[in-house]
Number of protein chains: 2
Amino acid sequence: MATKSFLGEFEQMVLLAVMAGGNDASGVDISQELERSADRKVSKGSLYTTLDRLKKKGLLNWRIEPGDIARSGLPRRHFTVTERGVKALRESRSALLNLWRNAEDVLGEAGG
Amino acid sequence: MATKSFLGEFEQMVLLAVMAGGNDASGVDISQELERSADRKVSKGSLYTTLDRLKKKGLLNWRIEPGDIARSGLPRRHFTVTERGVKALRESRSALLNLWRNAEDVLGEAGG
DNA sequence: TAAAACAGGTCGACAAAGTAGATCCGTACG
DNA sequence: CGTACGGATCTACTTTGTCGACCTGTTTTA
C-alpha cells in the first residue's frame, strides 16, 4: 500500500462528473454536471487540463466521436472512467467517509 | 459565492482528522487518525506544512500547551478547526455527496 | 555529566494539481 | 466574405502536496 496515489479534489469531482451521465460524457456534459452538483464553475482550460492528466494516469479514457449528429460536423470527445479510475474513486470515498464519520459531532449528520 | 475557495484533498483530510478526537488534536493525534481512517501515512513535513497553510487561511488555529506532563515537559501545539474551517468542510462534503449520488450505479452504495 | 535516543517541530525545495486566458479550427448564419 | 460560436488546445502561473534534513529541549544511561 506504499505508493498509493491519491486523487486531488478536483480530479475526483471530474471523474465523478464523467460517470454521472452513464460514464460517457462530453466536455460540456462534465462542466454542466460540475456546476449543478458541486456548484462549481470551471473554465475550459481547467477542465481539459485535468482531463488530460487523468488520462495520463490511466484513470480515464476517451474516444473521438465523429460528428455527424446534431450540430453536425465537429467531432467531439467522449470520456469514460476506467476500472482504475473507479477503484481510485472508491478508495477516496471510503477514506473520506471514515473521516467524516469521526467528525460527525461537529459536522452534523451526513444525510442532510 | 464568487471566490469560493475549495479545500484540497489532503487539507480536507487533515481538518477532519483534527476534529476526530474532539477538535483539539496534537500533531501526533492527527497523523495517527489519518493513518487509521484514511490508511494514509504522512511525514511530519507534509503534515505541519499543511497545518500552517490551513492556519494562514483561517480554517484552523492552535494554542501552545505548556508541557508539564509526565515524560514530556515539552510544549506542544493543540489544533482546532475554526468556524470557517467547519463551514468549508461542510460545503466540500455536500458537493462530494451530490456527485457520488449521481455516480452510484458504478460506485456501489455509499453505506458500505 | 557527556552523549545517545527521543519527541515534537521547523525549513527549504521541488513535484503535482488547480486555474484561467488567449488562441485555434471548422461550421453556421446573414 | 466576415462574424459568432461551440469545442478544444496551449501556455503559463499559483496552490497544494510531499519530503528529508535539521533543530531544540528531555529523558536515559554508561
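Order of the sequence lines sets the chain letters (A, B, ...), proteins ahead of strands, with each chain counted from 1.
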K.L.:
Between A:Ile64 (CD1) and C:dG26 (C1'), how many Å, whole number?
P.N.:
15 Å

K.L.:
With heavy atoms under 4.0 Å as the rule, sort A:Gly8 into base, sugar-phosphate or nothing.
P.N.:
sugar-phosphate

K.L.:
Over how many whole Å does the gap from A:Lys57 atom NZ to D:dG17 atom C1' extend?
P.N.:
12 Å

K.L.:
Separation of B:Leu15 atom CG from D:dG17 atom C1', in whole Å?
P.N.:
15 Å

K.L.:
Please report, rounded to the nearest Å, how far the P atom of C:dA17 is from the NZ atom of A:Lys56.
P.N.:
10 Å

K.L.:
Whole-Å distance between D:dC19 P and B:Lys41 NZ?
P.N.:
9 Å

K.L.:
Measure from CG on A:Leu59 to P on C:dA17 and round the result to the nearest Å.
P.N.:
10 Å

K.L.:
Select from A:Gly45 and B:Arg53 the residue whose nearest nucleotide in DNA chain D is closer to the 5' end of that strand.
P.N.:
A:Gly45

K.L.:
So, OP1 or OP2 of C:dT19: does either fall under 4.0 Å of a side-chain N or O from A:Ser46?
P.N.:
no

K.L.:
Can a salt bridge be assigned to the pair A:Glu104 and A:Arg101 using a cut-off of 4.0 Å between side-chain N and carboxylate O?
P.N.:
no

K.L.:
Counting side-chain heavy atoms from CB outward, which of D:dC19, D:dG7, D:dT16 is closest to B:Glu11?
P.N.:
D:dT16

K.L.:
Under 4.0 angstrom, heavy atoms only, what part of the nucleic acid is B:Thr49 near: base, sugar-phosphate, or nothing?
P.N.:
base

K.L.:
Ignoring hydrogens and angles, tell me if any N or O in the side chain of A:Ser46 forms a donor-acceptor pair with the backbone of A:Val42 under 3.5 Å.
P.N.:
no

K.L.:
Rounded to whole Å, how long is the line connecting atom CG of A:Asp52 with atom P of D:dC10?
P.N.:
8 Å

K.L.:
Under 4.0 Å between a Lys/Arg side-chain N and an Asp/Glu carboxylate O for A:Arg77 and A:Asp29?
P.N.:
no

K.L.:
The side chain of B:Arg76 lies closest to which of these nucleotides: D:dT18, C:dT19, C:dG8?
P.N.:
C:dG8

K.L.:
Just call it for B:Tyr48: base, sugar-phosphate, or nothing, with non-hydrogen atoms closer than 4.0 Å on any strand.
P.N.:
base

K.L.:
Of the candidate nucleotides D:dG7, C:dG8, D:dG17, which contains the atom at the shortest distance from the side chain of B:Glu9?
P.N.:
D:dG17

K.L.:
If the test is side-chain contact (heavy atoms from CB on, under 4.5 Å), which one of A:Thr80, A:Asn61, A:Leu60 qualifies with A:Val18?
P.N.:
A:Leu60

K.L.:
Taking the inter-plane angle between the rings of A:Phe79 and A:Tyr48 on a 0 to 90° scale, is it parallel (under 30°), tilted (30 to 60°) or perpendicular (over 60°)?
P.N.:
tilted

K.L.:
What is the distance, rounded to the nearest whole Å, between atom NZ of B:Lys55 and atom P of D:dT15?
P.N.:
20 Å

K.L.:
Which of the following nucleotides, D:dT9, C:dA20, D:dT18, is nearest to the side chain of A:Lys44?
P.N.:
D:dT9

K.L.:
Using a 4.0 Å heavy-atom cut-off across all strands, classify B:Arg77 as base, sugar-phosphate, or nothing.
P.N.:
sugar-phosphate

